[in-house]
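Structure, as structure tokens:
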Amino acid sequence: MSKEFIPPAKPIIGDEERAAVDEVLRSGMVAQGPQVAAFEKEFSGHMVSGRECVAVNSGTSGLHLGLLAAGIGPGDEVIVPSFTFAATGNSVALTGATPVFADIELDYFCLDPKSVEAAITDKTKAIMPVHLYGHPANMPALKEIADKHGLMLFEDAAQAHNASLNGEKVGTFGTFAMFSLYPTKNMTSGEGGMVSCADEEIARRVRLLRNQGMERQYANELVGLNNRMTDIHASIGRVQLTKVDAWTEKRQSNAAFLNENLEGVIVPPVAAGAVHVYHQYTIRVDGQDRDAFVTALKDEYQVGSGVYYPIPNHRLESLTHFAPGLDLPVTEEAAKSVISLPVHPSLTDEHLDRIVEAVNAVAKAGA
Ligand SMILES: *Cc1c(COP(=O)(O)O)cnc(C)c1O
């Protein structure tokens, strides 16, 4: 009687990935080498229209090094959303700069340009939007604000592989952009991150920073870290890159089915000109107890779901000192009403039907 649990996310690792790893292990050369170089080139061509890419050991490292390469440091302010994973604000704080949290638009869950403009001070150096859940942020409006105030624009594209806006891929707008390759993201290398760079100088500095500040051995030019990707991880990423387009299409068709069939909840709209890649398929429940909704989906229908993110960054114990007393009403509204339903490419027709049945029944019962 009890049905199989539908997990909210499911990384797909196939025989090709296993074979690629085995080949690297057998070669005896496992640290950063030819696999990383090939992965960077392939990712660049596939994902960001040929922009130079630098691979690192995590998405968080990618943000951190991108910010350092762009010259962000103590005394600077970078405007970020609060409604995101903590890595966004953390990476700014780790450079010694101050994350300044702006509000979002409730429809798309991405930075609200009006709130961004209101947050600008004479210390502001950059705006770093997040393409949250795989929906592109409003880059034209943010670019206009950045240009008007002489600010840089960065992109947290951790969740947005293959997303685009007006035909331009995310990851091609900012001075740098970061893609995460964590297992639950739209493609993975095990752990890892890819930094897409607007010019050769940014790319060179990210390469230096990931490797103790040296391009040539023992000729260290600046203080850097060891944030290198291994060839083992790169070999997984290279295989995943050949599969991510088909997975993206399956995410999009799953989302279309849910859009068509869900009732009694607010389904996620897509902005004009935007291609959403549904890292998460995030609904909102209005006037219902969100946590009770999540529990009912799981207990009564074995439908897993996630809440991203229940506590906005500006209220996290670790970051709240940057924003004492800050009120972000739309962020608060999202944080208490969002539920991310399974949308991953492994869902079957039975899963999709069960998700619809579950959500519609729980919404109706609670209405
Ligand atoms: C996953 C994620 C990160 C961090 O990526 P890691 O690879 O986990 O370090 C940063 N920002 C957002 C929005 C993310 O979802």
Side-chain angles (χ1 to χ4, degrees), residues 8-9 11 36 39 43 47 53-68 72 78-95 99 101-102 104 108-111 126-137 139 154-163 170-171 173-174 176-196 206 209-210 225-230 233-234 236-237 240 244 251 276-282 306-314 316 318-319 331 334-335 338 340 343-344:
V36 169
F39 185 31
F43 193 96
M47 206 61 82
C53 286
V54 183
V56 289
N57 61 346
S58 75
T60 307
S61 299
L63 290 178
H64 185 206
L65 298 195
L67 289 161
L68 290 173
I72 300 298
V78 178
I79 298 173
V80 292
S82 175
F83 193 63
T84 175
F85 185 51
T88 312
N90 281 349
S91 62
V92 174
L94 282 169
T95 69
F101 299 105
I104 55 167
Y108 312 121
F109 305 110
C110 295
L111 273 179
I127 307 166
M128 186 158 76
V130 179
H131 306 298
L132 200 73
Y133 305 145
H135 188 292
M139 300 311 283
F154 309 143
E155 299 174 74
D156 181 337
Q159 306 184 353
H161 316 69
N162 271 341
V170 310
F173 294 93
F176 79 87
M178 175 282 288
F179 294 86
S180 170
L181 300 165
Y182 184 73
T184 57
K185 298 290 157 72
N186 287 22
M187 60 173 281
T188 186
S189 60
E191 287 268 14
M194 194 64 84
V195 187
S196 159
V206 174
L209 287 162
R210 82 172 162 188
L225 297 105
N226 172 1
N227 284 350
R228 296 184 301 262
M229 179 182 277
T230 72
H233 294 88
I236 299 171
Q240 295 256 314
V244 69
R251 285 177 182 275
H276 194 329
V277 294
Y278 299 100
H279 171 61
Q280 299 293 350
Y281 180 90
T282 302
V307 171
Y308 315 104
Y309 299 85
I311 306 174
N313 278 205
H314 76 285
L316 292 174
S318 52
L319 294 170
T331 292
V338 290
S340 295
V343 73
H344 53 81

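Read the numbers this way: they start at 1 and go in the same order the structure lists the ligands and their atoms. Note: hydrogens, waters and symmetry copies are ignored here, and every other heavy atom, side chains too, is used.
Classified by interplanar angle (parallel below 30°, tilted 30° to 60°, perpendicular above 60°), the ring pair H161/F179 is tilted. Using cut-offs of 30° and 60° on the angle between ring planes, the pair Y309 and F83 is perpendicular.
Close contacts of ligand 1 with A87, meaning ligand atoms under 4.0 Å from a residue heavy atom, involve 3 (C), 4 (C), 10 (C). Remark: ligand 1 atoms within the under-4.0 Å shell around heavy atoms of G59 are 5 (O), 6 (P), 7 (O), 9 (O). Each of the atoms 13 (C) of ligand 1 lies under 4.0 Å from some heavy atom of V130. Atoms of ligand 1 found under 4.0 Å from any heavy atom of S58, numbered from 1 in the order shown, are 7 (O), 9 (O). Listed by atom number, the atoms of ligand 1 under 4.0 Å from G192 heavy atoms are 7 (O).
Of all protein heavy atoms, the one lying nearest to atom 12 (C) of ligand 1 is A158 CB, 3.4 Å.
Not a single heavy atom of H279 sits closer than 4.0 Å to an atom of ligand 1. Every heavy atom of S61 sits 4.0 Å or more from the atoms of ligand 1.
Considering T84, L63, I72 as possible partners of M128, the one that fulfils the side-chain contact (heavy atoms from CB on, under 4.5 Å) test is L63. Here the options are Y182, Y133, Y278, Y308, the test is side-chain contact (heavy atoms from CB on, under 4.5 Å), and the partner is Q159; only Y133 passes.
The shortest N/O to N/O separation between T84 and ligand 1 does not fall below 3.5 Å. Checked by distance only, ligand 1 and K185 come closer than 3.5 Å through their nitrogen or oxygen atoms.
Using a 4.0 Å cut-off between heavy atoms, T60 contacts ligand 1 through both its backbone and its side chain. Within the 4.0 Å heavy-atom criterion, the part of M178 lying near ligand 1 is the side chain and not the backbone.
Nearest to atom 7 (O) of ligand 1 by heavy-atom distance, out of A160, S180, G62, is S180.
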